[in-house]
Amino acid sequence: MRTRSLDVTRYSREGLRRDAAALLMVVRECHSFEVARDRLRARVSQIEFDTLRGRAAPPSNELIRVRDCAAALTTMLSERADARAGFSVAEALWDVTL
């Protein structure tokens with residue numbers, strides 16, 4: 001059986017900055033983590049809206065995927081998720097931009 005090698009260079013701080021630039025751009029100038037969290041949540045909502053806006057009738061599977069991904073990320077950015085997980089996804093994303 002042949003195994004494919006994983007390109008781990010893609011999974012780096014620089015890779016995340018590049019691939020998530022549209023999301024992370026809103027927190028670069030934040031001076032507080034709580035402001036960064038709020039801006040991240042607002043940006044996720046805006047990306048969701050922008051993805052679906054202006055399209056006559058996107059396929060239902062695309063609507064579901066966009067909606068569910070936005071909901072999952074918004075939940076991961078919440079204070080409750082921080083408490084339950086023992087770490088903060090929002091803070092990790094904020095740290096990446098520093």
Mind checking side-chain contact (heavy atoms from CB on, under 4.5 Å) for Ala20 and listing every partner two or more places apart, or none if nothing turns up?
-> Leu16, Leu24
Which residue pairs pass the side-chain hydrogen bond (donor to acceptor under 3.5 Å, both in side chains) test with at least one member in residues 14-31, sequence neighbours excluded?
-> none
Does atom CZ of Arg84 have more than 12 heavy-atom neighbours from other groups under 6.0 Å away?
-> no
Just how far is it from atom CG of Leu40 to atom OG1 of Thr74, taken to the nearest 0.5 Å?
-> 10.0 Å
What residues form a salt bridge (Lys or Arg N to Asp or Glu O under 4.0 Å) with Asp38, not counting sequence neighbours?
-> Arg41
In Å, rounded to the nearest 0.5 Å, how long is the span from CG of Leu73 to OG of Ser78?
-> 10.5 Å
Distance in Å, Leu63 CG paired with Asp68 CG, rounded so as to fall on 0.5 Å steps | 10.5 Å
Leu77 reachable from Phe49 in the ILVMFWY side-chain graph, under 4.5 Å edges | no
Residue set satisfying side-chain hydrogen bond (donor to acceptor under 3.5 Å, both in side chains) with Gln46, at least two apart, ordered chain then number -> Asp50
For Val35, check side-chain contact (heavy atoms from CB on, under 4.5 Å) against everything at least two apart and list the hits.
-> Cys30, Ser32, Arg39
Output all residues satisfying salt bridge (Lys or Arg N to Asp or Glu O under 4.0 Å) with Arg37, sequence neighbours left out; order by chain, then residue number.
-> Glu34, Glu79, Asp82
Using a 4.5 Å cut-off on heavy atoms from C-beta on, say whether the side chain of Val27 contacts that of Leu93.
-> no
